[in-house]
J.: 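If you scroll down you'll find the structure; I have some questions about it.
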Amino acid sequence: MPRRIEARKGRILRRIYDRLCEVYGPQHWWPAETPFEVMVGTILVQNTNWANVEKAIQALKDRKCLSLNALRALSENELAGLIRPAGTFRVKARRLRNLLDLIAGWGSVTRMARAPLDVLRRKLLDVNGVGPETADSILLYARQKPVFVVDAYTRRLLDRHGFPEGRAGYDDIQALFMRHCPRDVRVYNEYHALIVRLGKDFKGLDAVRRKEYPLKAAHFFL
DNA sequence: CCCCAGGCGTCCA
DNA sequence: TGGACGCATGGG
């Protein structure tokens with residue numbers, strides 16, 4: 001890839017970030033009280049509206065179950081019942097337990113946090129039910145590590161701005177952003193949150209099909 | 001009634 | 001290695 005093109009990509013990505021900051025302001029992510037709550041949330045939010053996740057989290061809090069030991073004490077069926085509002089609840093109950101097992105292997109969230117970044121990421125990805133976005137969300141929002149999180153909105157954003165990376169794999173997209181943006185937890189935290197925020201304004205694949213999104217986005221950003 | 005949400009694993013060519 | 005498909009509630 002010619003250096004000129006690379007430099008141009010960088011300018012566009014940084015400009016988009018600046019504009020999103022101006023328009024939407026700080027997003028205050030992740031909406032949770034503790035790192036443990038963040039981790040639970042990353043599983044519950046998979047392919048799910050955040051409003052439904054809040055209901056599930058609240059149900060766990062009401063039952064005083066939002067802790068490592070309390071959650072592990074529940075049977076899979078009990079857990080599934082509590083997180084029902086989050087949807088795909090049987091699958092998520094199993095995945096959540098898998099993640100809890102990993103944390104328990106370290107003994108606590110605090111001890112887990114001492115593991116080196118690359119080791120922890122691999123261990124997270126080994127958990128059935130934790131994919132790249134979930135793993136990176138945990139690293140960024142629960143562990144405060146400078147890791148860029150890629151999601152469906154990110155792909156669409158790139159696609160709509162003519163980046164070939166819009167069709168690329170997760171790691172390539174992540175590398176693109178991390179190559180061109182400061183390796184700063186604060187920046188990656190805001191950037192991902194802002195992309196999601198923008199996505200909500202241009203909701204649904206339907207809008208893309210009707211070509212509303214590219215027109216508005218081009219006008220909006222450039 | 002429709003579509004879809006801050007994904008992931010599995011199965012199959 | 002890439003693409004369909006199931007998971008499932010709740011909101012628009």
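Numbered from 1 within each chain, the chains take letters A, B, ... in sequence-line order.
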J.: Before accepting this row, confirm whether a basic side-chain N of the pair Asp201(A)/Arg197(A) lies closer than 4.0 Å to the acidic partner's carboxylate O.
T.: yes
J.: Check whether Thr48(A) reaches the backbone of Ala86(A) with its side chain - one donor and one acceptor, N or O, closer than 3.5 Å.
T.: yes
J.: Could you list by number each residue of residues 131-147 of chain A showing a heavy-atom separation from DNA chain B of less than 4.0 Å, or answer none if no residue does?
T.: Gly131(A), Pro132(A), Glu133(A), Thr134(A)
J.: In whole angstrom, give me the gap between the P atoms of dT10(B) and dA8(C).
T.: 15 Å
J.: Distance check needed: dG7(B) C1' versus Asn47(A) CG, whole Å only.
T.: 6 Å
J.: Say whether Leu125(A) and Leu100(A) are linked into one hydrophobic cluster, either directly or through other cluster members, by side-chain heavy-atom distances under 4.5 angstrom.
T.: no
J.: For His192(A) and for Asn128(A), find the nucleotide of DNA chain B with the closest heavy atom, then tell me which residue's nucleotide is more 5'.
T.: His192(A)
J.: Going by an N to O cut-off under 4.0 Å, is there a salt bridge joining Lys9(A) and Glu165(A)?
T.: yes
J.: Rounded to the Å, how far apart are Arg155(A) CZ and dG7(B) C1'?
T.: 11 Å
J.: Grab the CG-P distance between Leu44(A) and dC7(C) for me, whole Å please.
T.: 19 Å
J.: Rounded to the nearest angstrom, tell me the gap between atom OH in Tyr153(A) and atom C1' in dG7(B).
T.: 13 Å
J.: Calculate the interatomic distance between Asp126(A) atom CG and dG9(B) atom P; express it in whole Å.
T.: 10 Å
J.: How would you label the contact of Val150(A) with the nucleic acid (heavy atoms, under 4.0 Å): base, sugar-phosphate, or nothing?
T.: nothing
J.: Can you tell me how the ring of His192(A) sits relative to the ring of Tyr141(A), calling it parallel under 30°, perpendicular over 60° and tilted otherwise?
T.: tilted
J.: Looking at side-chain heavy atoms only, is the closest gap between Thr154(A) and Val196(A) below 4.5 Å?
T.: no
J.: Any salt bridge between Lys145(A) and Asp136(A), counting N to O under 4.0 Å?
T.: no
J.: Please list, in numerical order, the residues of residues 90-102 of chain A that have a heavy atom closer than 4.0 Å to any atom of DNA chain C.
T.: Arg90(A), Val91(A)
J.: Which residue in the set Tyr17(A), Tyr191(A), Phe163(A) passes ring pair (Phe, Tyr, Trp, His ring centres under 6.0 Å) when paired with Phe177(A)?
T.: Tyr191(A)
J.: What I want to find out is whether Glu6(A) reaches Arg179(A) closely enough, with some N-O distance under 4.0 Å, to be called a salt bridge.
T.: yes
J.: Whole-Å distance between dA5(B) C1' and Lys200(A) NZ?
T.: 9 Å
J.: Arg84(A) has an atom CZ; how far is it from atom P of dT9(C), in whole Å?
T.: 5 Å
J.: Near DNA chain C, counting only heavy atoms under 4.0 Å, which residues of residues 52-62 of chain A show up?
T.: Asn52(A), Lys55(A)
J.: How many whole angstroms separate atom CH2 of Trp50(A) from atom P of dG12(C)?
T.: 17 Å
J.: Examine the side chains of Gln46(A) and Thr134(A) and answer whether a donor and an acceptor come within less than 3.5 Å of each other.
T.: yes
J.: In terms of hydrophobic clusters joined by side-chain contacts under 4.5 Å, are Met112(A) and Leu99(A) together?
T.: yes
